[in-house]
Amino acid sequence: MYEILKNEVLGSNIYLFEVKAARIAAKAEAGQFVIIRLHETAERIPLTIADYSREKGTITIIFQAVGASTRELAEYKAGQKILDLVGPLGVPSEIEKYGTVVCIGGGVGIAPIYPIARALKEAGNKVISIIGARSRDLLFWKEKMAAVSDELLIATDDGSEGRKGFVTDVLKDLLEKEKIERVWAIGPMVMMKAVANTTRPFAVKTIVSLNPIMVDGTGMCGACRVAVGKETKFACVDGPEFDGHEVDFDLAMKRLAIFKDEEQRILAKGQCGGGCGCH
Amino acid sequence: MSLRKSRIEMPAQDPKERVKNFKEVALGYTSEMAREEASRCLNCKNPLCKKGCPVEVDIPEFISALKEDDPARAAKILKNKNNLPAICGRVCPQENQCEMHCILGKKGEPVAIGRLERFVADWEREQGIPDPEKVETINKKVAIIGSGPAGLTAAADLAKFGYQVTIFEALHVPGGVLMYGIPEFRLPKEVVQQEINYIKKLGVDIQVNFVVGKTATIADLLEEGYDAVFIGTGAGLPNFMNIPGENLSGIYSANEFLTRTNLMKAYLFPQYATPIKIGKKVAVIGAGNVAMDAARTALRLGAEESYIVYRRSAEEMPARHEEVEHAREEGVQFLFLTSPVAYKGDEKGYVKVMTCQKFALAEPDESGRRKPVAIPGSEFDMEVDTVVVAIGQGPNPLVPRTTPGLILTKKGNIQADEETGATSLSNVFAGGDIVTGAATVILAMGAGKKAARAIHRYLQGIEK
Ligand SMILES: Cc1cc2nc3c(=O)[nH]c(=O)nc-3n(C[C@H](O)[C@H](O)[C@H](O)COP(=O)(O)OP(=O)(O)OC[C@H]3O[C@@H](n4cnc5c(N)ncnc54)[C@H](O)[C@@H]3O)c2cc1C
Ligand SMILES: Cc1cc2nc3c(=O)[nH]c(=O)nc-3n(C[C@H](O)[C@H](O)[C@H](O)COP(=O)(O)OP(=O)(O)OC[C@H]3O[C@@H](n4cnc5c(N)ncnc54)[C@H](O)[C@@H]3O)c2cc1C
Ligand code: SF4
Ligand code: FES
């Protein structure tokens, strides 16, 4: 059992949890994730390690309550316990001194981009970060991002904060005026696809973090398979980060929707699968 | 007394009924049936059956106890060598092991050793399994990686020697394939957990949610004070065919299909939150035990038609005869000499059509195996809405990749001595599917047993 130490609301429907998990905190690196199972009848869901403290033995997860499982998680309070938590899973980000790098976080993707930006900054890179969301109430961690970036740029679809438009508009301007060595982009599939399309003509290597449906997270089931170049990869053990110019995003988006009908069914049944005892 | 040539049949759920539920198919002997079957045993002086048992169960001895109507003693004899009898009695291919050697098999049917084993274990479970006797503890620690039959057996035997044993398991429950792979209707999960409880009572500590190679490496564990390590991580990496369209929605590996259903209980969705999507027409590629399990599971999940699609013919099917029979009775259909070459989907990316090719079998080669040869121009389309790929599993690289100095075979399995499980690292042993490639429960248990002895010798300083 893993105790929740802190439950904070970051924005509309966006939550931050700090969880006691000393073993995971001791090993966690930027780019890695955990899988949680809330209780006996719950499903296993992957969430990125947005931050960790080796000293306190804690990890931070940030999530958007989009469906049955994440809405149920959102109901959990500090002091309550999560039944299962396993990690750190996946291959850590390739952190080196590249020169000037751009880190892009869209929506809840701001959370996973933060430890990467921090690690890149610590490695001596010039870090330009771009964060974006539909509107300002979905933006969070501006100060934290600013603290690990040489420059922080903001874009919102509705213009309620920063530049009105998409993160790709900001990115395009940057690419035109500055020599960028590498780009990291994490966010919704459509955003990552757009970023990869934006950088392709500039031939700037672009790393994206894929979030396919997963079950075990150890390479055992193949639910998480994605097409990268000519190969099929398992995102949980070969990724989750891949070269965005090689990823088949259209396939990845279709695979994310496999269980759309079932997701609707379980939502219709109530907030969660029942049997959780939370209501 | 005249000897019965044939064994006592074991009652089973009616095929028409059982295909609608996940309850156990085979129902087990009653005490009368068990006693009668036991009475067929000749109690041979030189019991051939015993030679066929990878964990050396004292077969005639336990059967004699049954004959004398003393199931408690039978259980004790059985447990002395086999830590997981209720499991073995259900899933072991006895027809290739003990029962194949039984002397009665020469003229009639061999003693139904497996069914008797199951009877004894079930009888004991119903009575309440007595706690194991306490042993003197040895102040040395052993780490076991993976809680499948190999890891569980090694852990139990080492605990019986007196060592402090911890199992590290990646998933949220122990049991390996017994929990996530083999379906409820063949091996109830309650039975598995009870056997595991017994192993816990021996003093074994089980840490779930612990991926060795990620949460900690073998080097970390040794540094934390473990004196020896046993690797029993199984063959958990699903193979795909790498043909066009294989990543379409609705195409699962057998591991995913069975894990969702067994481990995550998707058949109870939405009471259990993990979903599974089942189509009307399901094709399972392959014809091993895993494929039979998937095809039978598909029917229980509500598929109207479930096909086994296999490149060779009925004779070459690697699945146990009994499993094939059960599948047939339940209505699974077989497409032999056929293999998919491509899949096509609809605009949303769900599989709709499987293009297959027909095969013919060539004359037997030197090894005696008849190779399937594709027949040119024989392609045809078959409508499907779910496909399960069950063409085998390979070794998971997580542990090897993070353990420098561990020597692997060409296929990526861990190189280990067959008799001791010794690897290229002096304090690291390995056994089960991670060494042999996908095999059987009992072979994994045998390997765990041998490794436990070798680890004992190693830790006693007798060797090295
Ligand atoms: C490696 C990895 C890291 C992740 N990290 C985070 C994280 O840090 N924070 C976070 O909020 N989410 C993260 N996700 C996504 C998260 O796992 C899913 O949002 C969650 O499983 C949805 O479960 P649900 O039952 O609440 O929603 P569902 O009912 O399953 O889905 C609701 C809606 O969300 C969509 N959806 C489902 N799964 C995903 C997904 N993986 N990505 C995007 N949309 C999805 C569905 O199509 C549907 O429209 C990560 C996924 C992966 C694979
Ligand atoms: C569907 C199916 C049906 C089968 N039916 C039969 C049958 O009827 N009869 C029979 O005899 N055999 C059967 N088999 C084969 C049999 O189950 C296996 O041969 C046997 O389970 C192998 O045991 P094992 O202990 O080597 O590995 P496994 O049972 O595979 O267990 C390995 C365990 O290690 C864990 N693990 C892996 N990597 C790590 C890591 N890095 N850190 C921590 N833990 C890890 C896994 O999660 C797993 O729990 C079947 C197999 C399948 C898949
Ligand atoms: S070989 Fe057959 S008859 Fe002889 S002891 Fe074994 S089970 Fe009994
Ligand atoms: S989640 Fe099962 S293999 Fe990746």
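By convention in this document, chain letters (A, B, ...) are assigned in the order of the sequence lines, proteins followed by strands, and residues within each chain are numbered from 1.
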**Q** Side chain, backbone, both or neither: which part of B/Gln207 has a non-hydrogen atom closer than 4.5 Å to chain A?
**A**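 Interface part for B/Gln207: neither.
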
**Q** What are the two closest non-hydrogen atoms of A/Arg265 and B/Pro270, and how far apart are they?
**A**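 Nearest pair, atom of A/Arg265 first, then B/Pro270: NH2-CD, 3.7 Å.
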
**Q** Examine whether an atom of A/Ile213 lies under 4.5 Å from a heavy atom of chain B, and if so say whether it belongs to the side chain, the backbone or both; otherwise answer neither.
**A**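 The answer is the side chain of A/Ile213.
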
**Q** Is it the backbone or the side chain of B/Gln393 that comes under 4.5 Å from a heavy atom of chain A, or both, or neither?
**A**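 B/Gln393 has no heavy atom closer than 4.5 Å to chain A.
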
**Q** Do you know the tightest heavy-atom contact between B/Ser249 and A/Arg255?
**A**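 Where B/Ser249 meets A/Arg255 most closely, the heavy atoms are OG-CA, 4.0 Å.
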
**Q** With a 4.5 angstrom heavy-atom cut-off, could you sort out which part of A/Arg37 is near chain B: side chain, backbone, both or neither?
**A**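 It is the side chain, since no backbone atom gets that close.
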
**Q** Check whether any side-chain heavy atom of A/Glu262 lies under 4.5 Å from a side-chain heavy atom of B/Lys277, and answer yes or no.
**A**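 They are in contact (side-chain heavy atoms under 4.5 Å apart), so the answer is yes.
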
**Q** Got a second to check how far B/Thr259's OG1 is from A/Arg44's CZ, nearest 0.5 Å?
**A**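 Spacing of OG1 (B/Thr259) from CZ (A/Arg44) equals 9.5 Å.
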
**Q** Only pairs of heavy atoms separated by less than 4.5 Å count here; which of B/Asn247, B/Asn255, B/Leu237, B/Val211 has the most with chain A?
**A**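 Heavy-atom pair counts peak at B/Asn247.
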
**Q** Quick check on B/Phe240 against chain A: is it the side chain, the backbone, both or neither that has a heavy atom closer than 4.5 Å?
**A**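 When you check distances to chain A, only side chain atoms of B/Phe240 fall under 4.5 Å.
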
**Q** So, do B/Leu398 and A/Thr218 sit near enough that their side-chain heavy atoms are less than 4.5 Å apart?
**A**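 Side chain of B/Leu398 against side chain of A/Thr218, heavy atoms only: contact under 4.5 Å found.
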
**Q** Can you tell me how the ring of A/Phe259 sits relative to the ring of B/Tyr252, calling it parallel under 30°, perpendicular over 60° and tilted otherwise?
**A**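 Tilted: the ring planes of A/Phe259 and B/Tyr252 meet at 30° to 60°.
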
**Q** Taking everything shown except B/Glu383 itself, do over 12 heavy atoms lie less than 6.0 Å from its CD?
**A**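 Atom CD in B/Glu383 is not crowded, with 12 or fewer foreign heavy atoms closer than 6.0 Å.
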
**Q** Taking B/Ser253 for the side chain and A/Gly222 for the main chain, is one N or O donor matched with an acceptor at less than 3.5 Å?
**A**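 It does not hold such a pair.
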
**Q** Which bit of B/Ile276 is near chain A, if near means a heavy-atom gap under 4.5 Å: side chain, backbone, both or neither?
**A**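 Backbone only.
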
**Q** Do A/Tyr2 and B/Asn209 touch side chain to side chain, with heavy atoms closer than 4.5 Å?
**A**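 Contact flag for A/Tyr2/B/Asn209 side chains = yes.
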
**Q** Side chain, backbone, both or neither: which part of A/Ala257 has a non-hydrogen atom closer than 4.5 Å to chain B?
**A**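 Answer is backbone: N, CA, C or O of A/Ala257 sit under 4.5 Å from chain B.
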
**Q** Quick check on B/Phe269 against chain A: is it the side chain, the backbone, both or neither that has a heavy atom closer than 4.5 Å?
**A**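 For B/Phe269, backbone and side chain are both near chain A.
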
**Q** Check whether any side-chain heavy atom of A/Lys260 sits under 4.5 Å from a side-chain heavy atom of B/Lys348, and report yes or no.
**A**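 A/Lys260 does not reach B/Lys348 side chain to side chain.
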
**Q** What part of A/Leu85 lies closer than 4.5 angstrom to a heavy atom of chain B: side chain, backbone, both or neither?
**A**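 Backbone only.
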
**Q** What option among A/Ile24, A/Ile35, A/Thr232, A/Asp248 has the most heavy-atom pairs under 4.5 Å with chain B?
**A**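 Between A/Ile24, A/Ile35, A/Thr232, A/Asp248, the count favours A/Thr232.
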
**Q** Sort A/Arg23 into side chain, backbone, both or neither according to what part of it lies under 4.5 angstrom from a heavy atom of chain B.
**A**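 For A/Arg23, heavy atoms of backbone and side chain both lie under 4.5 Å from chain B.
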
**Q** Can you tell me how far OG1 of A/Thr41 sits from CD of B/Gln271, rounded to the nearest 0.5 angstrom?
**A**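 Those atoms lie 7.0 Å apart.
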
**Q** Is it the side chain or the backbone of A/Glu231 that comes within 4.5 Å of chain B heavy atoms, both, or neither?
**A**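 Neither the backbone nor the side chain of A/Glu231 comes within 4.5 Å of chain B.
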
**Q** Please flag which part of B/Ala266 lies under 4.5 Å from any non-hydrogen atom of chain A: side chain, backbone, both or neither.
**A**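 Neither part, no heavy atoms under 4.5 Å.
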
**Q** Would you mind telling me which of A/Asp250, A/Val215, A/Asp261, A/Asp84 has the largest number of heavy-atom pairs within less than 4.5 Å of chain B?
**A**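 With the most close heavy-atom pairs to chain B, the winner is A/Asp84.
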
**Q** Can you confirm whether B/Asp220 sits close enough to A/Lys27 that some side-chain heavy atom of one is under 4.5 Å from a side-chain heavy atom of the other?
**A**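 Yes. Closest side-chain heavy atoms under 4.5 Å.
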
**Q** Would you mind telling me which of B/Thr274, B/Thr215, B/Ile251 has the largest number of heavy-atom pairs within less than 4.5 Å of chain A?
**A**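 Highest number of pairs under 4.5 Å: B/Thr215.
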
**Q** Give, as side chain, backbone, both or neither, the part of A/Leu251 having an atom under 4.5 angstrom from any heavy atom of chain B.
**A**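 Answer is side chain: those atoms of A/Leu251 sit under 4.5 Å from chain B.
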
**Q** Hey, what do you get for CD (B/Glu256) to CE (A/Met214), rounding to the nearest 0.5 Å?
**A**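 Here the rounded value is 12.0 Å.
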
**Q** Against chain B, label A/Ala42 side chain, backbone, both or neither, depending on which of its atoms sit under 4.5 Å from a heavy atom there.
**A**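 Just the backbone, heavy atoms under 4.5 Å.
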
**Q** Check the pair A/Lys254, B/Tyr350 against side-chain contact (heavy atoms from CB on, under 4.5 Å), reporting the backbone distance first and the verdict last.
**A** CA-CA 8 Å; A/Lys254 283 177 181 160; B/Tyr350 287 96; over 6 Å; no

**Q** Once you round to the nearest 0.5 Å, how far does CG of A/Asp216 lie from NE2 of B/His172?
**A**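 Reported value, rounded in 0.5 Å steps: 11.0 Å.
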
**Q** Working note: A/Met220 + B/Leu171, criterion side-chain contact (heavy atoms from CB on, under 4.5 Å); need CA distance, chi angles, decisive distance, verdict.
**A** CA-CA 10 Å; A/Met220 182 268 275; B/Leu171 293 171; 4.2 Å; yes

**Q** Is B/Tyr272 close to A/Glu43 at the side-chain level, that is, under 4.5 Å between some pair of heavy atoms?
**A**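 In short, these two side chains do not touch, never coming nearer than 4.5 Å.
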
